[in-house]
Amino acid sequence: MGEYSQEKHSTQQGEDMAAEFALAMHPWMYKAQYQDDGSWIEEFVEKPHRSPAEEAAMSPADRAALIGSRNSFPELPLINYTTQYGMGCFEGLKAYPQADGTLKIFRPDENGNRMARSMEGLSMPAYPADLFVPAVVEMVRKNQELGFAPTYDPTWEQNDFATGHSVYIRPFSYAEPGIGLNLSTRPWVVMIGTEVGSYFDPDAASRAVTTNKVRATPGGTGWIKCAANYVIPTLAKKEVQKKGFMEAIFLDATEKRYVEEGSACNIFFLLDSGTLVTPSLQDTVLPGINRHSVIDLARKKGVSTEERRVPIDEVMESAVECFVTGTAAGVSHIESIEHQGRTSVFRDGKVGELTGELARTLKGIQYGTVEDTFGWMVPVE
Ligand SMILES: *Cc1c(COP(=O)(O)O)cnc(C)c1O
């Protein structure tokens, strides 16, 4: 999935053991369940662990078994509306290590609000944003207390944090037991954290190609961060990756004329007029928090920025830079787009000036080297 292909999961030593440990989740997790009286019963759960150093010293098999044992909630039902019918939604956000040894989380209130909207969109009781933020902060804090958190490394500054690590936090909803088609009326919300390092390979191709597959249809669930939306993008992305592309670009379902999104990221184009454009938020476009933040940053830099329908023909003729945004992608440049056999290459395939500036500013705010004038970062304390 687009969100993840940008990244490798890292171990305490920072080596890539993704093949062995698909998901090295931190020991402290969180769950809450909706009650019939409208309240939520919350619980922090400490899963099996040793110290990070002891875990790093274990044999790969023993370590895999220990870490694998954390990925288990025997009290949650296997057969339910989420596992059977994709009736569930999720969030993704990150906590960034700071030079002073603390961690700060990027805009968790926005993720909390979107999670509530997604749950409402799936007609289930919404988990309130005012529970979301303290739960995320407390889970990250508890893990950091045990040593499960990346520490700031000044060498990350040399490549503008392209190699920086962070804590990826994954909250998701999970339905009660059931096998008939039904809505969830008594969902859980579960949260887990895991360390991620950015994938950094300056020579990696970032070529994109339009796909005929349809990610979202008008009147559908494209605007909801729900599990069901990721099947088609994953198929499309794998298909284009086999042909040497990094990203699939989805066009609108009706006319196949307008750009909508990457496989799991929003998309921007700098036009030769100097205007930055991004597809407006139809019900087929996911309202990305990085998308919104990049619009704010561009406007503050004095760049004229438009949210509107963006014809693929206009992009092929007039775009001079292109990038995608998302929690995993950050701001990632796209070097070229192929559409119906034609290819447009942006800035000779190099990272464009505006793309680079926006990427550096956003990462700088997140890692604390650029002043957070918008008040986006929430300290873990
Ligand atoms: C999560 C997601 C994004 C990016 O959202 P952010 O809040 O910026 O991480 C964009 N498109 C899709 C389809 C997504 O699922």
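From a predicted model like this one, the values you see are computed outputs, not experimental measurements. For reference, positions follow the sequence shown, starting with 1. Quick note: numbers below take in every heavy atom, side chains included, and nothing from hydrogens, waters or symmetry partners. Atoms within a ligand are numbered from 1 in the order they appear, just like the ligands themselves.
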Cationic tip of K237 within the cone over Y230's six-membered ring, i.e. under 6.0 Å and within 45° of the normal? no
Below the 3.5 angstrom mark, is there an N/O of R215, backbone or side chain, next to an N/O of ligand 1? no
Enumerate the atoms of ligand 1 whose separation from the nearest heavy atom of N266 is less than 4.0 angstrom. 4 (C), 10 (C)
Does the cation-pi check pass for R215 over F250, that is, NZ or CZ under 6.0 Å from the six-membered ring centre and within 45° of its axis? no
G288 neighbourhood, listing ligand 1 atoms whose heavy-atom distance to it stays under 4.0 Å: 5 (O), 6 (P), 7 (O), 8 (O)
Looking at ligand 1, does any of its N/O atoms fall within less than 3.5 Å of an N/O of R291? no
Taking heavy atoms and a distance under 4.0 Å, where does E110 meet ligand 1: side chain, backbone, both or neither? neither
Same cluster or not: are V380 and I169 linked, directly or through other Ile, Leu, Val, Met, Phe, Trp or Tyr residues, by side-chain heavy atoms under 4.5 angstrom apart? yes
Is the shortest N/O to N/O distance between S263 and ligand 1 below 3.5 Å? no
Counting each atom of ligand 1 from 1 as listed, which ones have a heavy atom of N290 under 4.0 Å away? 6 (P), 8 (O), 9 (O)
Pair T278-E307, side-chain donor/acceptor within less than 3.5 Å: no
Do you reckon I192 sits in the same ILVMFWY cluster as V45, going by side-chain contacts under 4.5 Å, direct or chained? no
Which of the atoms of ligand 1 are close to A264, meaning less than 4.0 Å from one of its heavy atoms? 2 (C), 3 (C), 10 (C), 11 (N), 12 (C), 13 (C), 14 (C)
Against heavy atoms of Y230, which atoms of ligand 1 measure under 4.0 Å? 13 (C), 14 (C), 15 (O)
Candidate list I67, L66, N71, test side chain to side chain contact (heavy atoms under 4.5 Å, CB included), partner S69, passing option: L66
Considering both backbone and side-chain atoms of I289, is one of its nitrogen or oxygen atoms within less than 3.5 Å of a nitrogen or oxygen in ligand 1? yes
For ligand 1, find out whether one of its N or O atoms is nearer than 3.5 Å to an N or O atom of T325. no
Which of parallel (below 30°), tilted (30 to 60°) and perpendicular (above 60°) describes F148 and H26? tilted
Numbered in order shown, the ligand 1 atoms found under 4.0 Å of a heavy atom of R114 are 5 (O), 6 (P), 7 (O)
Spell out, yes or no, whether V190 and L23 are grouped together once hydrophobic residues are joined by side-chain heavy atoms under 4.5 Å, including indirect joins. yes
